[in-house]
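Encoded as structure tokens, the structure appears first; notes follow it.
The figures here come from the full heavy-atom set of this structure, side chains too, leaving out hydrogens, waters and symmetry mates. Order of listing sets the numbers, starting from 1, for every ligand and every atom in it.
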Amino acid sequence: MLNDKTIALTEQFVKNFLSGDCSGHDWWHIERVRKMTKKIAVEEGADLFICEMAALLHDVADEKLNVTEEIGINRVKEWLNYVSLDEDCIERIMDIIENMSFKGGGVPPMKTLEGKIVQDADRLDAIGAIGIARTFAYSGAKGQLIYDPSIPVRENMTKEEYRKNKTTAINHFYEKLLKLEGLMNTQSGKRLAKKRQMIMEEFLENFFEEWNGQK
Ligand code: ADP
Ligand code: NI
């Protein structure tokens, strides 16, 4: 099958799978990650097909959208077989998908340039103005408060604690989002993250000034 056809079919598959999600994994998240992935891939000289396929599929295996992570990973594998990709491509894409999630921070680093790029693009979509919007959308969907000074920011949490314990939208910036700039893999990613970090810092500064009635 031609690469363009494979991409078009995969786009449709992902759209169907994610339709109706409001935990921050809607199709437009995928579309933004795909665009950013392509931009960085050109700058960094990576394999565009592998990058775009992995960007499209990166959330299909997410444990939040599947009964188990294993079922999610098999779902992606079956799709790649269905569109008749060769073994080498399947392996390269699966390696990216299996290592994508943040999960409290304990995941080994991405091995390939393509993996580093998709991970950077996904992280960029969690920060900056879009990141702020997604955080509050996710919090609303999960019934979390905007902020509660009596709920402490959690440090060094395990994967289970990260998922289960109570937090707030504002705490999420300190537990995860402000750390992402330091985790960027590529030069392009680092450059783009810098601007987005400043946007979040400025937002938080204003948030607390307003919270405290200072302005
Ligand atoms: P993870 O990388 O931990 O799997 P996701 O990328 O699936 O998290 O999260 C989807 C979106 O929801 C992201 O924008 C993320 O920052 C946001 N989000 C995740 N967990 C929380 C939380 N506990 N509170 C607020 N926003 C969250
Ligand atoms: Ni994602």
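- Within ligand 1, the atoms closer than 4.0 Å to a non-hydrogen atom of Thr135 are 25 (C), 26 (N), numbered from 1 in the order shown.
- Only side-chain heavy atoms of Thr167 come within less than 4.0 Å of ligand 1; its backbone N, CA, C and O stay farther off.
- Rounding to the nearest 0.5 Å gives a distance of 4.5 Å between CZ of Arg134 and CG of Asp125.
- Looking only at side-chain heavy atoms (C-beta outward), Ile146 and Ser139 stay at 4.5 Å or farther from each other.
- The nearest N/O/S atom of His29 to the Ni ion (ligand 2) is NE2.
- Aromatic ring pairs are classed by plane angle as parallel below 30°, tilted from 30° to 60° and perpendicular above 60°; the pair Tyr82 and Trp79 is tilted.
- Across the listed options Arg134, His172, His58, His29, His172 owns the non-hydrogen atom lying nearest to atom 15 (C) of ligand 1.
- The atom of Asp59 nearest to the Ni ion (ligand 2) is OD2, with the search restricted to N, O or S atoms.
- Proximity of Leu177 to ligand 1, defined as any heavy-atom pair under 4.0 Å, is confined to the side chain (atoms from C-beta onward).
- Contacts with ligand 1 closer than 4.0 Å are made by no heavy atom of Lys142, backbone or side chain.
- Sorting the N, O or S atoms of Asp122 by how far they are from the Ni ion (ligand 2) puts OD1 first.
- Close to ligand 1: Ser139, with a non-hydrogen atom less than 4.0 angstrom away.
- Only side-chain heavy atoms of Lys176 come within less than 4.0 Å of ligand 1; its backbone N, CA, C and O stay farther off.
- Residue Lys64 has at least one N or O atom closer than 3.5 Å to an N or O atom of ligand 1.
- Aromatic ring centres of Tyr147 and Phe208 lie closer together than 6.0 Å.
- Residue Ser188 holds its OG atom at 8.0 Å from NZ of Lys39, rounded to the nearest 0.5 Å.
- The ring pair (Phe, Tyr, Trp, His ring centres under 6.0 Å) contacts involving residues 32-59 comprise His29-His58, where partners must be two or more places apart or lie in separate chains.
- To the nearest 0.5 Å, atom CE of residue Met200 and atom NZ of residue Lys195 are 12.5 Å apart.
- Closest heavy-atom approach to atom 12 (O) of ligand 1 within the set Tyr138, Phe173, Phe136: this belongs to Tyr138.
- Lys176 forms no cation-pi arrangement with Tyr174, by the criterion of a distance under 6.0 Å to the ring centre and an angle within 45° of the ring axis.
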